[in-house]
Structures are given as C-alpha cells and as structure tokens.
Protein chains: 2
Amino acid sequence: MTKIIVCMLSKKTQYSILALVRLAREYEKGPVLISSISESERIPQKFLESILLELKKTGYVNSKKGKGGGYYLIKNPNEVNLADLHRLFEGAIALLPCASTKFYESCHHCKDEETCGIRSKIKDIRDETVRMMKAISLADIITRENDLLKTF
Amino acid sequence: MTKIIVCMLSKKTQYSILALVRLAREYEKGPVLISSISESERIPQKFLESILLELKKTGYVNSKKGKGGGYYLIKNPNEVNLADLHRLFEGAIALLPCASTKFYESCHHCKDEETCGIRSKIKDIRDETVRMMKAISLADIITRENDLLKTF
DNA sequence: TATTAGTCTATATATCCGATAGAATATGTA
DNA sequence: TACATATTCTATCGGATATATAGACTAATA
C-alpha cells in the first residue's frame, strides 16, 4: 500500500507546459508534428491531441493540416505565463474558493467573510503566488534551462 | 452543467484548519466536545471524527473519553502552521513531484532534472510558498481575526 | 495522393472525495 | 456494579474526476 503522492498540477497541465515549452523553442520556425511533440516530451499522443485542441481554442497555438502541417505557438513566449495556464487547466490558484478573485465562491463556513482570519491569511498566500506565477513565462523557462546547461 | 470550482484545499484540510482554530481558542481550557466543534464550525460530525483521529495520531491534539471528555490541542497554537497541515492532508506543497523536498518523486518527463527549466522555476514557487505557509500559525489566524474585528 | 490534423464515440481503470451508519470500546461517576 | 457519555474502529457509498486507449471517419493542404 504505497502512499500516493498528490501534487497540485494534473498531468494535463504538466503536459501542456511541456508541449508549450517545446513549441516556444520552435517559435516562428513553422509547424511541429503532434507525433514529434508526443515523442520528445513522452506524452501519450491521443491525450496530447486533446490538450493541443484546448490550447488552440484558447488562442495559445494554431495548427495547419496536411503535409508540412502541425502545431505552432501564436502567442509570444514572453506573454504565456504559468498563472494563466494554471487557471485554464486547474482553475483557481487560491487555496480556498473564498480567497479567489477569478473563481470566487463563498466557502459557506465562516460566519463573516470580512473578518475570517483563515480567509485573510489564505488571500495573502494567493496574492504572492499569483505574482510569482505571472512572472514565469515560457521564455523564462527556456532561459533558465540554458543557464542551467551552462553550469552543468 | 455548472463548472465546478476546483480549489487546492480539500474539505478535509479546510475542516481540519477550522477545527484546530476552534481548539486553539480554547487552548488550555479543557476538552471540547466533537459535537460542539461540529456545530459551531458546521462540519459533518462523522467526518470531523475521522479528521480529529488523524490529528490525534499525528500529535496535534489529544482526546479524553467519557463524561467531561472531548478533544483538546496539545501543541502550542504558535507552533501549528499551515505548511505542516497541508502536508498532512494534501501531501506535497510543490506543484510538481520533482520539485518537492518532502514528497520528492521523479516526474519521468524531463531528460535531465538538474537542467530542467520547468522544475527549476516550479521550485522557486515552492520555496516561497512553503516560507509563507510556515509563517502562518493558528495563533496568527486568531490574531488576524481579532484585528479584522476591530476594523469592522 | 499522401500526409496530417479534427471530430466523434466509446471504453476502461483507477482514484478520490465527502459523507453516513453501526458496532465496539473506554471512561467517569453514582 | 451499572450506567451514561464519548471516542474508536470498520465499512460502505455514490458520484465525480483523472488518465488514458482505440478506432473510424472527415477535412484540409502541399
């Protein structure tokens, strides 16, 4: 009975970041095959298809059919940040719905939200987390990768 | 088909915080009945029982059976922080298992963890989140609550 | 005409979440 | 000892969600 590690990002979000970073590396170099992304990032192809489709609907990527086709990034790698991706695939960034701005909902448990200490503290965390995630773009990830490659 | 808001904290964690804050308010004032916590915090009693049991096993609270019994906090309210509670009920704080220290696991997707830009950036977020959550104790929540009550 | 993405359906497992019910056990007190 | 009170343990539940896999057919493009 091994304890399962539950992390916050689903496979879907994780795969979408991997795929987008890959596409960011090929930014403005033409379409990339689904099968190529699937192989290089080790993402189940059918699963990847549905993810890319979602990313297309949301305006991150576009696709071209036929020979020489594939997917390509349409947003600038500087403009795609982790906060937006998280909100797209996971929903709220706040730890409690009552502390969320984009996905606000009452938590139904405090008598008065304005004076709820838990909510207030959780909001502090959310503010800072959003700030950090907004500050991380695809371009930043690639830059960090290049930096790390130099030191190893 | 209303979109379900997915937040990061499960009811279990939320309830455990509520229950502990309640017990922190009665710190060193003797045991509190499960039924009393259940009512005041509006937590389903049976669910609360299993939560308190888990909190007892982990050394946060203790219980007394029989008349005049109930649950009481054994740790100092200053020493119980959100980071530890999160780890107990939710697991890792990091967004990806490969970026976690307490619940580390390979993510099986980068070729080289040491030079993975995603992992590195996610680690940055984790470090800061842990720092913030460690800094929020039950006592802090109660203090914040009292502060808010003054201004409203 | 070969290639590649898009759409659709269907299936499958696995896991988790929130909650409930009832029996068993321990404690304090009269 | 007997009783009331309270916690402990076990077990189960429906429903939702996550993570895929498979196949068939359509549409676009070089």
Side-chain angles (χ1 to χ4, degrees), chain A residues 1-16 18-19 23 30-39 41-58 61-72 74 88-92 96-97 107-109, chain B residues 1-16 18-19 23 30-39 41-58 60-72 74 89-92 96-97 107-109:
Chain A
M1 192 78 79
T2 51
K3 162 92 175 166
I4 306 292
I5 307 305
V6 182
C7 262
M8 286 163 166
L9 292 190
S10 63
K11 286 283 174 198
K12 201 169 180 181
T13 309
Q14 196 184 339
Y15 290 163
S16 76
L18 283 163
L23 291 181
V32 183
L33 292 185
I34 294 182
S35 60
S36 166
I37 303 172
S38 162
E39 268 181 47
E41 309 305 316
R42 279 174 286 181
I43 305 170
Q45 180 153 343
K46 281 289 184 182
F47 200 14
L48 177 60
E49 280 180 30
S50 68
I51 290 167
L52 288 171
L53 220 49
E54 204 162 341
L55 287 171
K56 184 181 173 179
K57 277 182 199 146
T58 341
V61 303
N62 205 352
S63 63
K64 246 182 98 176
K65 290 181 179 181
K67 201 165 190 175
Y71 274 91
Y72 53 96
I74 46 179
L88 174 59
F89 289 108
E90 307 282 342
L96 290 174
C107 73
H108 305 299
H109 274 91
Chain B
M1 192 77 79
T2 51
K3 161 91 175 167
I4 306 291
I5 307 304
V6 183
C7 262
M8 287 161 166
L9 292 190
S10 62
K11 287 282 174 199
K12 201 169 179 180
T13 310
Q14 196 184 338
Y15 289 164
S16 76
L18 282 164
L23 290 182
V32 183
L33 291 185
I34 293 182
S35 61
S36 163
I37 303 172
S38 162
E39 267 180 48
E41 310 304 318
R42 279 175 284 181
I43 305 169
Q45 179 153 344
K46 283 291 183 180
F47 199 16
L48 178 59
E49 281 179 28
S50 69
I51 291 166
L52 288 171
L53 213 53
E54 205 161 338
L55 287 171
K56 183 180 171 179
K57 277 182 200 148
T58 342
Y60 286 97
V61 303
N62 206 352
S63 63
K64 247 184 96 177
K65 289 184 180 180
K67 202 166 191 173
Y71 274 90
Y72 55 95
I74 45 179
F89 289 108
E90 307 282 342
L96 291 174
C107 73
H108 304 298
H109 275 91

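Each chain gets a letter, A, B and so on, in the order its sequence line appears, and its residues count up from 1. Given the structure is predicted, the values throughout are model-derived calculations rather than measurements. Excluded from the calculations below are hydrogen atoms, water molecules and symmetry mates; all remaining heavy atoms, backbone and side chain alike, are included.
- Each of A:K67 and A:F47 was matched to the nucleotide of DNA chain D holding its nearest heavy atom; the match closer to the 5' end belongs to A:F47.
- For B:S63, a side-chain nitrogen or oxygen approaches OP1 or OP2 of D:dT8 to under 4.0 Å.
- Taking atom NZ of residue A:K11 and atom C1' of nucleotide D:dT19, one finds them 9 Å apart after rounding to whole Å.
- Distance check: A:L48 CG to A:E39 CD gives 11.5 Å after rounding to the nearest 0.5 Å.
- Counting only residues at least two apart or on different chains, the side-chain hydrogen bond (donor to acceptor under 3.5 Å, both in side chains) pairs with a member in residues 62-71 of chain A are A:K56-A:S63.
- OP1 and OP2 of C:dT4 both lie 4.0 Å or more from every side-chain N or O belonging to A:Y72.
- If you check the side chains of A:S10 and A:E90, you find a donor sitting under 3.5 Å from an acceptor.
- At the heavy-atom level, A:L52 lies nowhere under 4.0 Å from the strands shown.
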Enumerate the protein-to-nucleotides 22-26 of chain D contacts in which both atoms are nitrogen or oxygen and the separation is below 3.5 Å.
{"from": "D:dG23", "atom 1": "O6", "to": "A:K46", "atom 2": "NZ", "distance (Å)": "3.0"}

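- As a whole-Å value, the separation of B:I34 CD1 from D:dC9 P is 12 Å.
- Contacts of B:S36 classified as side chain to side chain donor-acceptor pair (under 3.5 Å), with partners at least two apart in sequence or in another chain: B:R22.
- Across the interface with DNA chain C, nearest-nucleotide mapping of A:N62 and B:P44 shows A:N62 to be the residue nearer the 5′ end.
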Query raised in the report: Under the side chain to side chain contact (heavy atoms under 4.5 Å, CB included) criterion, do B:K12 and B:F47 qualify, and how do the steps go?
Result: CA-CA 8 Å; B:K12 201 169 179 180; B:F47 199 16; 4.3 Å; yes
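- Using a 4.0 Å heavy-atom criterion, one finds that B:K56 contacts the sugar-phosphate atoms exclusively.
- Distance from the side chain of B:K64 is smallest to C:dG28 among D:dC9, C:dG28, C:dA5.
- For A:I37 and C:dT4, the CD1 to P distance is 13 Å, given to the nearest whole Å.
- Across all non-hydrogen atoms, the minimal contact from B:L55 to B:S16 is CD1-CB, 4.3 Å.
- Contact between A:P44 and A:S38 at its shortest, heavy atoms only, is C-OG, 4.4 Å.
- Listed pair A:Y15 / D:dA20 meets the phosphate criterion, a side-chain N or O lying under 4.0 Å from OP1 or OP2.
- Relative to the side chain of B:S10, the nucleotides C:dT7, C:dG18, D:dT19 differ in distance, and C:dG18 lies closest.
- Residue A:Y71 has its side chain nearest to C:dA5 when only D:dT21, D:dC9, C:dA5 are considered.
- Taking atom CG of residue A:L53 and atom C1' of nucleotide D:dA20, one finds them 17 Å apart after rounding to whole Å.
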